[in-house]
Undergrad: 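Below is one structure. I have some questions about it.
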Amino acid sequence: MDKKPVIGITCAYTKQSLNSEGVYVHQDYHRAVIQAGGIPLLLPAADQATLNAYFELCDGFILSGGEDLDPAFFGEAHHPKLGFVYHDRDAAEFYLTQLLLEQKKPFLAICRGIQVLNVVCGGSLYQDIPSQLAAAHPHSQITHRSNTFHPVMLTENSKLYQIFQKTSLDVNSLHHQSIKALGKDLETVAVAADGVIEAVEVQNHPFGIGVQWHPESMASKDVLTQQLFQSFIQAAYQNGFSADKLHIS
């Protein structure tokens, strides 16, 4: 690629002290994008006009991990085990995800991101896996986030299978929420041994993939995960630098 696609990465909110607060995203996200040949751009929550500008500026998007999603967005009361929620981010990412779906721009939804995607599509979530899904295995590892924690089983007729060329993949796991009812136009393409949905793909979309694990933290040393980011960056490149957009005959 002679030109590098710009990849927008949504950000969480953090407050360290009275005088230290702001946007946050783990460094593994931008490192994985750079490693795969993209230019990362961090996107704080903003108003719709600014989100529209983000959308035009970026060739692809990563919906990143972070806070719990407010269950009001899928019509439920707060569970006692619900963590911190940040309404500004929820609202911004809902709007941005709707744009990604409507205009079919490439995106990779990671951890919280797959949950946002599912709810935007009309699905719901387990607000706390340990207390709401009795048969579930542990899904929040205490080892370093770059280490794998459990396997997932992939569907053979999926984009993820085409990328990995494997029906089983070892992944890391850092979540206490997950998909409950699957959203419209989403297809489950990976599950854990306990049945927890680990990956979805948007039907009839050039690259709309959500994963429950954190591939950005595996990408520095795992060749298969690098292929996922390379495929995503390639899709963003094709979107951003098509012959029509570059006026190439």
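Owing to the predicted nature of the structure, the values given are computational and were not obtained by experimental measurement.
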Undergrad: Would the distance check show the side chain of Asn118 and the main-chain N or O of Ser124 forming a donor-acceptor pair, the cut-off being under 3.5 Å?
TA: yes
Undergrad: Would a single hydrophobic cluster contain both Trp213 and Val189, if residues Ile, Leu, Val, Met, Phe, Trp and Tyr are joined by side-chain heavy-atom contacts under 4.5 Å?
TA: yes
Undergrad: To the nearest 0.5 Å, what is the distance between NE2 (His150) and CG (Leu169)?
TA: 10.5 Å
Undergrad: Ring pair (Phe, Tyr, Trp, His ring centres under 6.0 Å) with Phe84: which residues, sequence neighbours excluded?
TA: none
Undergrad: Between CD of Gln230 and OH of Tyr237, what distance do you get to the nearest 0.5 Å?
TA: 15.5 Å
Undergrad: Measure from the side-chain N and O atoms of Thr225 to the backbone N and O of Ala219, and report whether any donor-acceptor pair falls under 3.5 Å.
TA: no
Undergrad: So, Gln212 side chain and Ile114 main chain: donor-acceptor pair closer than 3.5 Å or not?
TA: no
Undergrad: Considering residues at least two apart in sequence or located in another chain, which fulfil the ring pair (Phe, Tyr, Trp, His ring centres under 6.0 Å) criterion with His87?
TA: Phe73
Undergrad: Here's a test for you: under side-chain contact (heavy atoms from CB on, under 4.5 Å), which of Ile110, Leu43, Thr97 qualifies with Leu63?
TA: Thr97
Undergrad: Quick one: does Tyr54's side chain have a donor or acceptor within less than 3.5 Å of a partner on Thr10's backbone?
TA: no
Undergrad: To the nearest 0.5 Å, how far apart are CG in Asn172 and CG in Asn147?
TA: 8.5 Å
Undergrad: I need the Gln16 CD to Tyr24 OH distance, nearest 0.5 Å.
TA: 10.0 Å
Undergrad: Going from CD on Gln141 to NE2 on His175, what distance comes out if it is rounded to the nearest 0.5 angstrom?
TA: 9.5 Å
Undergrad: Quick one: does any side-chain atom of Gln177 pair with a main-chain N or O of Asp68 as donor and acceptor, under 3.5 Å?
TA: no
Undergrad: Do His139 and Asp194 have side-chain heavy atoms sitting under 4.5 Å apart?
TA: yes
Undergrad: Using a 4.5 Å cut-off on heavy atoms from C-beta on, say whether the side chain of Asn157 contacts that of Glu187.
TA: yes
Undergrad: Could you see if Leu108 belongs to whatever hydrophobic cluster contains Leu224? Use Ile, Leu, Val, Met, Phe, Trp, Tyr and a side-chain cutoff under 4.5 Å.
TA: yes
Undergrad: Quick one: NE2 on His79 to OG on Ser131, what's the gap to the nearest 0.5 Å?
TA: 3.5 Å
Undergrad: Any side-chain donor-acceptor pair under 3.5 Å between His214 and Glu216?
TA: yes
Undergrad: Going by side-chain heavy atoms closer than 4.5 Å, which hydrophobic residues are tied to Tyr126, directly or by a chain of links?
TA: Ile129, Leu133, Val196
Undergrad: I'd like to know if Arg112 and Asp90 make a salt bridge, using a cut-off of under 4.0 Å between side-chain N and carboxylate O.
TA: yes
Undergrad: Using only heavy-atom distances, determine whether the side chains of His205 and Asp185 contain a donor-acceptor pair under 3.5 Å.
TA: no
Undergrad: Please confirm whether the backbone N or O of Gly208 pairs with a side-chain atom of Lys104, one donor and one acceptor, at under 3.5 Å?
TA: no
